[in-house]
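Some notes on the structure that comes next.
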2 protein chains.
Amino acid sequence: MEILIVEDEIKIANTLKKSLIKEGHFPTIAINAEVALELINEAQFDIILLDWRLPKLSGMEFCKQLRRNGNKTPIILLTALTDVSNKIEALEAGADDYITKPFSFEEVKARINAVLRRYRANQNAIQIGDMIINLVDRTVESEKDIIKLSDREFELLKYFLYNKGSIINKEKICKDVWGIEFNPFTNVIEVTIKNLRKKLEQNSKHIFIKTIYGEGYLFIAE
Amino acid sequence: MEILIVEDEIKIANTLKKSLIKEGHFPTIAINAEVALELINEAQFDIILLDWRLPKLSGMEFCKQLRRNGNKTPIILLTALTDVSNKIEALEAGADDYITKPFSFEEVKARINAVLRRYRANQNAIQIGDMIINLVDRTVESEKDIIKLSDREFELLKYFLYNKGSIINKEKICKDVWGIEFNPFTNVIEVTIKNLRKKLEQNSKHIFIKTIYGEGYLFIAE
DNA sequence: TACAATTATGAAAAATTTTTCATTATTGTT
DNA sequence: AACAATAATGAAAAATTTTTCATAATTGTA
């Protein structure tokens, strides 16, 4: 995993770097915000460890700037300050978490894991109607329940999501979801849609698969 | 789907908007780059349709600026220019595609779909060792072949990916992948790891699940 | 070297998913 | 209203996945 360490104290930066390499990660050091920004524009980082105190542009200001520019990489601020208002300030600047110095590497590891777990969950979770669908974990949650979909049902749901608002005919569904040419002698598509519909309707009032007679299906989420 | 239309010609913008709404999308209009940037910082767009000719800051310059600031939203440039060098210029500015005016809505639709398909594939595909793993489509490709994993096997692989470089013991694997407490009377974990290993080893020279005797498993990708 | 602990393995049982099937229901056309 | 075309449905068959099982192999300890 690519980790950017923005820290002007070389000793701290190198210690972190070594420990992260030991963990199988790929850390990169930037000694100030300027260097960091260049690196961010060149490479894709999975997470940023950002010291609060940096020369010129503070870590917090830099954090704000990144967020203002639409950068959503998870950020953990490293701070010596322990005042509660600093925590609020850090989170308001757009940081996902903060670690107070001095810190153990175990804590850094734990925070990185926690922030990434949350980030990945948010990244891949989308709200559709009154449900939350995670495209990586393949979970579907309504207000009532967690809906258990089989693989094929989930593939079909994902397909409808990607084609929301469009009428899709059976031939296209067969090709794109089953990966085979349409066979008019089988009704497996109708059956699978029926099964998916049933599960969605039992758990949602705002999501429908509407049949357009003779044309196909239209996925609607209100 | 949230679509940002950056177009100063109101007629064109409104025509596009209406057609996109008809398709079930959620378009928003910005009449210049400044307005667009504000909207981009406030909301999350799935794709941006960006006119080349904008007052003050051209679409291309705006595109460059977005990319420079780490914004990776798919962008389609709308241009009246047909010179081949403009196409190259557009792509070099960081656009994902371009559409030449005048255009039909069918073409806009087709381009949006193509760009999103490619974007989603790239977004969710990661290279690990000599394989490409798509976490949404759940496909695993090596240079030789497409590896067919069952659900459980894929969940286990994903888990190892997220914990690359860490030794994970069986109790933790059981809890995090199977979602149940470890039962010492079963060897289902060993069997599933064996099955996954076999498939990985048949297709990759650079990915291993190493056994640390008495401790757990370590996922290695070179 | 012998033994214990842990892990790996091939085969089969059990569970689940996917598809097929026959029938019913709905929609459109004449 | 009658009929044809299309879609939906419950049940069961077929296919696949997941787990169990008994045994073998590997690793660590005494």
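Below, read A as the first sequence line, B as the second, and so on, with proteins coming before strands; counting in each chain starts at 1. This is a predicted model, so every value here is computed, not measured.
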- Contacts of type side chain to side chain contact (heavy atoms under 4.5 Å, CB included), residue A:Tyr162, not counting sequence neighbours: A:Leu135, A:Lys158, B:Arg120, B:Val136
- Message: Whole angstroms only, please: what is the NZ-P distance between B:Lys194 and D:dT23?
- Response: 17 Å
- Side-chain ion pair, A:Lys210 and A:Glu215, N-O less than 4.0 Å: no
- Task: Using the test side-chain hydrogen bond (donor to acceptor under 3.5 Å, both in side chains), find all partners of B:Asp8 that sit at least two apart in sequence or belong to another chain.
- Result: none
- Can you name the residues that form a side-chain hydrogen bond (donor to acceptor under 3.5 Å, both in side chains) with A:Lys199, not counting sequence neighbours? A:Glu153
- Can you sort out the partners of A:Phe219 under ring pair (Phe, Tyr, Trp, His ring centres under 6.0 Å), two or more places apart, ordered by chain and number? A:Phe160
- Task: Write down the distance between CZ (A:Arg197) and P (D:dA7), rounded to a whole number of angstrom.
- Result: 10 Å
Ignoring hydrogens and angles, write down the donor-acceptor pairs under 3.5 Å from the side chains of residues 177-188 of chain B, residues two or more places apart or on other chains.
{"residue": "B:Asn183", "atom": "OD1", "partner": "B:Phe185", "partner atom": "N", "Å": "2.9"}
{"residue": "B:Thr186", "atom": "OG1", "partner": "B:Val188", "partner atom": "N", "Å": "3.1"}

- May I ask you to list the residues of residues 146-154 of chain A, by number, that have any heavy atom positioned under 4.0 Å from an atom of DNA chain C? A:Ser150, A:Asp151, A:Arg152
- Message: Distance check, rounded to the nearest 0.5 Å: B:Asp51 atom CG versus B:Ile5 atom CD1?
- Response: 11.0 Å
- Message: Once salt bridge (Lys or Arg N to Asp or Glu O under 4.0 Å) is applied, do any residues pair with A:Asp151, and if so which ones, sequence neighbours excluded?
- Response: A:Arg138
- Task: Report the residues that fulfil side-chain hydrogen bond (donor to acceptor under 3.5 Å, both in side chains) with B:Ser142, sequence neighbours left out, ordered by chain and then residue number.
- Result: none
- Message: We want to know whether A:Asn71 and A:Thr73 form a side-chain donor-acceptor pair, criterion being a heavy-atom distance below 3.5 angstrom.
- Response: yes
- Note on the structure: Applying side-chain hydrogen bond (donor to acceptor under 3.5 Å, both in side chains) to A:Asp96 and not counting sequence neighbours gives A:Arg67
- Message: What range of DNA chain C does chain A touch, first nucleotide to last, counting atoms under 4.0 Å from its heavy atoms?
- Response: C:dT17 to C:dG28
- Message: Return the CG to CG distance between B:Leu161 and B:Asn163, rounded to the nearest 0.5 Å.
- Response: 9.5 Å
- Message: With rounding to the nearest 0.5 angstrom, report the OG1 to CG distance, A:Thr211 to A:Leu218.
- Response: 9.5 Å
- Query: Can you list, by residue number, the residues of residues 167-188 of chain A that have a non-hydrogen atom closer than 4.0 angstrom to DNA chain D?
  - Reply: A:Lys170, A:Asn187
- Item | Within residues 207-217 of chain A: residues closer than 4.0 Å to DNA chain D (heavy atoms) | A:Thr211, A:Tyr213, A:Gly214, A:Tyr217
